[in-house]
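Have a look at the structure below before the remarks.
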Amino acid sequence: MFKKLCTAPWLKVAFVSAGLSFGTTALADAPWVSGPSITKLGDSVTLSGGNLPANEAVAVIVTPPSGDKYRHIQVVDPGGKLDYALMVTAPGAYTVEVANQNDQTLGTATVRVSP
């Protein structure tokens, strides 16, 4: 009986449909932060975020090569998107983190700056 039930065509279709439905939704809803991984000193750098909490204030935490942390508050647009202009003033790695109001990290990007 179990073997017959497991080989039923409708059950296979149901499992595939459920996997696609839940799998794509989970991936589509995940917040993200993106930008160039490498840039040159003096270049203009814009980082973008998506699937963020719409119309909410988030913290953009920038850690330059010196290791100091700088926190900027920005409001996410109604579509859940955010753009941030990164000022690169020295060569090295800059980490940009976006955190929600509970200080939970929503996304991180690293930009390496060459001289």
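This chain uses plain numbering: 1 for the first residue, then up along the sequence.
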Nearest 0.5 Å, please: how far is CD in Gln104 from CD in Glu97?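 So the CD of Glu97 and the CD of Gln104 are separated by 11.0 Å.
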Spacing of Asp83 atom CG and Leu47 atom CG [to the nearest 0.5 Å]: 9.0 Å
Counting only heavy atoms not in Ile73, do more than 12 sit closer than 6.0 Å to its CD1 atom?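 Enclosed.
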Quick check: closest heavy atoms across [X] and [Y], and the distance to 0.1 Å?
X	Y	result
Gln101	Ala57	CG-O, 3.5 Å
Pro91	Pro65	O-CG, 3.3 Å
Pro78	Ala54	O-CB, 3.3 Å
Pro64	Tyr70	CG-CE1, 3.7 Å
Ala90	Leu41	N-CD1, 3.5 Å

Looking at Asn102, is its backbone amide N or carbonyl O close enough to the side chain of Asn100 to form a donor-acceptor pair, meaning the two atoms are under 3.5 Å apart?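 Yes; judged by distance alone, with no hydrogens or angles, the pair exists.
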Apply side-chain contact (heavy atoms from CB on, under 4.5 Å) to Val88 and Asp43, showing your working. CA-CA 8 Å; Val88 292; Asp43 284 355; 5.6 Å; no
For a quick test of your reading: what N or O donor-acceptor pairs under 3.5 Å do the side chains of residues 108-115 make, sequence neighbours left out?
{"from": "Ser114", "atom 1": "OG", "to": "Thr39", "atom 2": "O", "distance (Å)": "3.4"}

Going hydrophobic residue to hydrophobic residue with side-chain gaps under 4.5 angstrom, can you get from Leu82 over to Ile61? no
Kindly indicate whether the side chain of Val62, heavy atoms from C-beta on, has any atom under 4.5 Å from the side chain of Tyr84.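 In contact.
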Side chain to side chain contact (heavy atoms under 4.5 Å, CB included) test vs Val76 passes for just one of Leu52, Leu106, Asn51, namely Leu52
